[in-house]
Number of protein chains: 2
Amino acid sequence: MEEYNEKQLSIILVAERLFADKGFHGTSVRDIAQEADVNIAMISYYFGSKEKLLEAVFRLRMEASRVFIDELLKNDTMAPLEKMYSLIDRYINKMLNEQYFQCIMSREQLNRDKSPVRDLIWQLKREMLGLMEPIITDAQADGIFYKDVDVMLLLTTLFGTINQIIPASLILRADPEFKDMTEDEFREYLKNRLSTHLKKLFKAILTHEF
Amino acid sequence: MEEYNEKQLSIILVAERLFADKGFHGTSVRDIAQEADVNIAMISYYFGSKEKLLEAVFRLRMEASRVFIDELLKNDTMAPLEKMYSLIDRYINKMLNEQYFQCIMSREQLNRDKSPVRDLIWQLKREMLGLMEPIITDAQADGIFYKDVDVMLLLTTLFGTINQIIPASLILRADPEFKDMTEDEFREYLKNRLSTHLKKLFKAILTHEF
DNA sequence: TTGTTTTAATTAAACGTTTGTTTAACTTTG
DNA sequence: CAAAGTTAAACAAACGTTTAATTAAAACAA
């Protein structure tokens with residue numbers, strides 16, 4: 001595992017923000033260098049290329065995702081529904097705290113052409129699915145969760161709803177209703193609203209017969 | 001309303017596909033000209049600029065969305081839940097038949113900077129929300145739908161789930177399980193699976209007390 | 001501690017491509 | 001003959017990357 005010095009990390013974080021706001025091809029290395037207050041040549045010097053800088057962003061955040069998954073695996077004592085609730089909250093928390101990276105993921109996963117980062121995205125998605133699916137299917141086998149549920153699509157609903165909130169919040173934020181809120185307050189507000197909604201949704205479809 | 005001749009329309013459709021697959025900035029006007037089999041200068045000649053070509057793509061699809069919304073407004077005789085089911089099916093159908101455009105929307109809605117197309121996206125989203133929200137809130141007022149539901153987030157769930165399926169299907173398609181399916185068969189399969197899942201979800205959260 | 005040598009960091013300038021757009025000449029159409 | 005369509009070529013600007021020169025930091029021997 002590589003370690004980044006202060007300057008390298010600053011370049012990575014600036015690149016992450018700009019890639020999220022304007023897309024990979026919409027951001028020039030000169031933009032990044034200027035905002036990170038470094039010479040343009042430093043980017044090639046440290047990372048080799050613009051493409052590899054994007055990969056560095058991914059390595060940084062994917063590392064955090066691995067830690068996230070490992071921590072989720074430790075909650076063995078909870079009841080299935082409580083486990084799902086905990087998982088929902090943690091996932092909301094993670095995604096809203098990593099909004100820039102989630103934007104990049106949303107963009108890059110749409111790319112048709114194969115690329116290293118596209119493979120990384122789907123590798124991570126499969127890991128996440130492999131972790132969440134058994135929680136539901138085990139509870140289904142035990143008769144705790146209702147069986148006639150498309151687990152893969154339910155998780156798609158979880159990801160999709162949170163993902164959809166990120167661009168929507170950019171617009172919602174402009175509403176005068178929220179103008180006195182700080183950025184952090186607004187994010188907490190979104191987290192709570194999302195959490196309530198998704199928990200109701202999961203409880204309704206997993207624990208009620210039709 | 002403008003009319004496009006065969007050549008103009010072919011440019012628009014090629015541009016839509018390439019913008020969807022590689023992003024706006026990831027696609028060059030030379031790419032578009034080559035795939036549409038026209039001279040590069042024709043793009044400026046017909047549309048003025050690359051940016052305005054993107055806007056032409058939007059005008060074409062937004063026009064279709066307006067027609068879609070108008071048609072939805074005519075279903076007044078159905079019961080609320082049936083109305084929601086119909087709405088879900090129509091929306092799934094529309095989005096999966098307009099995958100290229102939906103990809104472009106997904107990308108462009110992430111852009112931080114203001115732009116004509118960004119405004120168009122949110123204008124359309126607001127129209128869609130303004131149409132769907134009263135169907136639910138009216139039924140809530142009549143005691144048919146459960147009241148303690150976040151309507152805006154429920155619609156976010158609808159959009160988000162379908163939106164999430166589009167990039168996921170690019171990967172899912174590669175699974176050997178689906179290798180004998182034609183492209184159309186696969187899309188029908190996705191539509192059915194999505195429809196079943198989303199209807200269950202909506203029924204569960206809208207019609208059951210907790 | 002010195003001075004010396006080696007390595008790493010930093011810079012402005014230049015590199016060759018590619019970008020979106022325009023020009024001016026030419027052809028087709030009505 | 002006028003208008004619209006079409007073309008290859010050229011345009012300046014921006015792109016990602018590299019170069020070569022310079023400064024700063026680290027390592028080392030005396």
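Numbered from 1 within each chain, the chains take letters A, B, ... in sequence-line order. Hydrogens, waters and symmetry mates play no part in the numbers below; they use all other heavy atoms, side chains included.
Applying the 4.0 Å criterion to OP1 and OP2 of D:dG5, one finds that B:Y45 has a side-chain N or O inside that range. A:N39 has no side-chain polar atom (N or O) that falls below the 4.0 Å cut-off from OP1 or OP2 of C:dA9. Between D:dT6 and B:K7, a contact under 4.0 Å exists linking OP1 or OP2 to a side-chain N or O.
Among D:dT6, C:dT10, C:dT22, the nucleotide with an atom closest to any side-chain atom of B:Y46 is D:dT6. In the set D:dT17, C:dT19, C:dA12, D:dT17 carries the atom at the smallest distance from any side-chain atom of A:R30. For A:I40, counting side-chain heavy atoms from C-beta on, the closest listed nucleotide (D:dT17, C:dA9, C:dT21) is D:dT17. When distances run from any side-chain atom of B:A41 to the nucleotides C:dT22, C:dA12, D:dT17, the shortest one goes to C:dT22. The side chain of A:M42 has C:dA9 as its nearest neighbour among C:dA9, D:dT17, C:dG20. Closest to the A:K50 side chain, of the nucleotides D:dA10, D:dT17, C:dA9, is D:dT17. Relative to the side chain of A:V29, the nucleotides D:dG16, C:dT23, D:dT18 differ in distance, and D:dG16 lies closest.
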A:Q8 and A:I11: side-chain contact (heavy atoms from CB on, under 4.5 Å), yes or no, with the steps? CA-CA 5 Å; A:Q8 287 171 309; A:I11 293 173; 5.7 Å; no
The test is ring pair (Phe, Tyr, Trp, His ring centres under 6.0 Å); show your working for A:Y91 and A:F159 and say whether it passes. CA-CA 9 Å; A:Y91 206 72; A:F159 303 153; 5.2 Å; yes
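In this entry the distance linking CD1 of A:I43 with C1' of C:dA12 reads 16 Å, nearest Å. Counting to the nearest Å, the P atom of D:dG16 and the CD atom of A:Q34 are 13 Å from each other. Following rounding to the nearest Å, B:N5 (CG) and D:dG5 (C1') show an atom-to-atom distance of 10 Å. Distance OH (B:Y4) to P (D:dG5): 14 Å, rounded to an integer number of Å. In this structure, CD1 of A:I11 is placed 13 Å from P of D:dT17, rounded to the nearest angstrom. Note: CZ (B:F47) to C1' (D:dT6) measures 15 Å, nearest angstrom. If you measure from atom CG of A:D31 to atom C1' of D:dT17, you get 16 Å, rounded to the nearest angstrom.
At the heavy-atom level, B:S44 lies under 4.0 Å from base atoms of the strands shown.
Cation-pi geometry between A:K52 and A:F47 is not satisfied (NZ or CZ under 6.0 Å from the ring centre, within 45° of the ring normal).
Each of B:V38 and A:H25 was assigned the nucleotide of DNA chain D with the nearest heavy atom; the assignment lying further toward the 5' end belongs to B:V38.
Checked against the 6.0 Å centroid criterion, the rings of B:F101 and B:F58 qualify as a close aromatic pair.
A side-chain contact (heavy atoms from CB on, under 4.5 Å) with A:M95 holds for exactly one of A:R90, A:M105, A:Q102; it is A:Q102.
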